[in-house]
Amino acid sequence: MHPVTLDGTEAAVHALARALRPLLDGSGGSAVLPLAPGESPSDMRPDLPVEPGTGLIVRTSGSTGAAKGVLLSAAALRASATATHARLGGAGTWLLAMPAHHIAGVQVVIRSLLAGTPLAVLPAGGFRGRRFVEAASDVLAADGPRYTALVPTQLTRLLTEGGDALAAARSFDAVLVGGAATSPTTLAQAKDSGIKVVTTYGMSETAGGCVYDGVPLDGVRVRLEDEVVHLSGPTLAHGYRLDPDNPAFTDGWFHTSDLGRIVDGKLEILGRTDDLINTGGKKVAPTAVERVLTAQAGVAEACVVGLPDPEWGQRVAAAIVANGDVDTASLIAAVRAQLGLHAAPKQVHVIAEIPLRGPGKVDRAAVAQLLASAATSRTRGNNSSANTPP
């Protein structure tokens, strides 16, 4: 096992590339384990033999319980990168704008290696338009297709800053956006601004994004069982580190924890099964409520969670980031009109930014804690920090 610590520097990213190269070209090499700064490889037990056929071990983001080590073969990594280039219009030059210890970042490195093009790296630190423009300059000067991959928060910041940052984003032949759900309003604004956005769905267990704009990449298969998404194909991992019998991998299929539906032949993700809110015996998908909220004027982002409720079991609560004046009563009325009374938030709280974890994913546990604290403050008569309806 070859641990590589990714501290956000270009040197560390190139060290990762050097470790991956022999695996991808079949000349040898040890299984690579990308690490975040300060992260130890000990829980992946580097003292024990690596499972056969493993080229990369990448940690899940640990959204539920402890993180797992996902086992990916060199063949799966190549299949994902090759299918991505085929879908986008050919191999090209890439800008790495996200941490390389997550699968989305690793895949940008792999695509660049297979394309044989120089990789540009956005230095670690806060994501700002000026730094994005500087990092993108060499990529945008290259011949052939130019690509990058962002999380929704990064896309939102480029749209907000506008100017040179927006102009740079427009110049890419494709901007992959994934790692978390992107609001329809943000997507519409990006496309109206001329950014060639491609939404991606996937996870570490599928070597990154495997469904682009709702359509599976070549060779990838999708099926729904009781609305739960199952995935198969050449990009699939072959299991978890030191957990050979995990039932998530069965008969060549990976059983996700995501709910989905097929609309006009395209996969639409409704949210995670463990995020569903059970209020008064009715189940509410947070993603559906978030889509309604972010479609309203003045709402830039939203996160909806279930909070304990003595009468209903759980109550629907929402945290929003505003980019204008908002009227919480109107927001609640919009949800009630589109999704029904049971889905309408009982609490709406305006915050400066949505807490994130991992590769730009919403930290729903942190949001729930924040909303619970706001509700407690309101009960005690302190309404200064909460914006909640009666």
Side-chain angles (χ1 to χ4, degrees), residues 13 17 20-21 24-25 74-98 100 102-122 132-133 135-152 154-155 158-159 165-179 182 186-203 206-222 231 233-236 264-269 359:
V13 173
L20 289 168
R21 189 184 300 275
L24 296 172
D25 64 22
L77 297 170
R78 285 194 300 268
S80 175
T82 300
T84 292
H85 283 148
R87 179 62 58 85
L88 297 182
T93 305
W94 285 85
L95 166 64
L96 175 64
M98 60 179 62
H102 294 297
I103 188 60
V106 174
Q107 274 295 8
V108 170
V109 177
I110 290 171
R111 293 167 194 147
S112 180
L113 284 170
L114 294 182
T117 54
L119 175 66
V121 180
L122 181 70
F132 177 79
V133 170
S137 60
D138 287 343
V139 177
L140 297 178
D143 294 330
R146 291 81 52 87
Y147 306 125
T148 191
L150 304 175
V151 296
Q154 292 173 318
L155 177 62
L158 293 178
L159 291 169
L166 182 56
R170 282 197 199 103
S171 298
F172 283 92
D173 294 281
V175 176
L176 306 185
V177 180
T182 308
T186 298
L187 287 176
Q189 183 182 355
K191 292 177 181 179
D192 289 345
S193 299
I195 301 177
K196 304 171 189 69
V197 175
V198 177
T199 60
T200 71
Y201 167 71
M203 57 279 300
T206 59
C210 63
V211 178
Y212 285 15
D213 286 337
V215 180
L217 293 178
D218 293 347
V220 173
R221 292 180 290 163
V222 176
L231 300 166
T235 71
L236 202 64
D264 296 330
K266 295 185 177 182
L267 176 65
E268 181 179 300
I269 300 301

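All heavy atoms count here, side chains included; hydrogens, waters and symmetry mates do not.
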For A97 and T148 the tightest heavy-atom approach is CB-OG1, 4.0 Å
What one should report as the nearest heavy-atom pair of M98 and A104 is SD-CB, 3.3 Å
S193 and L159 have their tightest heavy-atom pair at OG-CD2, 3.8 Å
Taking every heavy atom of G178 against every heavy atom of P152, the minimum-distance pair comes out as O-CD, 3.3 Å
Less than 4.5 Å apart, any side-chain heavy atom of L267 and any of V222?
-> yes
Exercise. Do any N or O atoms from the side chain of R170 and from the backbone of I195 form a donor-acceptor pair under 3.5 angstrom?
Worked result: no
If you apply the rule side chain to side chain contact (heavy atoms under 4.5 Å, CB included), what do you find for D213 with T199, and how did you get there? CA-CA 5 Å; D213 286 337; T199 60; 3.0 Å; yes
Looking only at heavy atoms, the pair that brings P234 and G219 closest together is CD-O, 3.3 Å
Sorted by chain and residue number, the salt bridge (Lys or Arg N to Asp or Glu O under 4.0 Å) partners of R78 (sequence neighbours excluded) come out as none
Query raised in the report: Ignoring hydrogens and geometry, is there a side-chain-to-backbone donor-acceptor pair from T206 to G202 under 3.5 Å?
Result: no
All heavy atoms of A168 vs all of L140, minimum pair found to be O-CD1, 3.8 Å
- prompt: Under 4.5 Å between any side-chain heavy atoms of V211 and T200, yes or no?
  reply: no
Sorted by chain and number, sequence neighbours left out, side-chain contact (heavy atoms from CB on, under 4.5 Å) with S137 holds for none
D173 side-chain N/O to Y147 backbone N/O, donor-acceptor pair under 3.5 Å: no
Practice item. Decide yes or no on side chain to side chain contact (heavy atoms under 4.5 Å, CB included) for L231 and Y201, but give the supporting numbers first. Key: CA-CA 11 Å; L231 300 166; Y201 167 71; 4.1 Å; yes
### Query
Would a 4.5 Å heavy-atom cut-off, applied to side chains only, mark V198 and V175 as touching?
no
Per side-chain contact (heavy atoms from CB on, under 4.5 Å), Q107 is matched among T84, T235, L77 by L77
**OP:** Report yes if some heavy atom in the side chain of P145 is under 4.5 Å from a heavy atom in the side chain of L88; otherwise report no.
**Re:** no
Would you give me the side-chain donor-acceptor pairs under 3.5 Å for residues 108-122, sequence neighbours excluded?
| residue | atom | partner | partner atom | Å |
| --- | --- | --- | --- | --- |
| S112 | OG | T117 | O | 2.8 |
| T117 | OG1 | G92 | O | 2.9 |

### Task
Report yes if the side chains of D218 and R87 come closer than 4.5 Å at any heavy-atom pair, otherwise no.
yes
Does the Q154 side chain pair with the main chain of V151, one donor and one acceptor, at a distance under 3.5 Å?
yes
Taking C-beta and beyond as the side chain, do M203 and I103 meet within less than 4.5 Å on heavy atoms? no
Taken to the nearest 0.5 Å, the spacing of K196 NZ from L176 CG works out to 13.0 Å
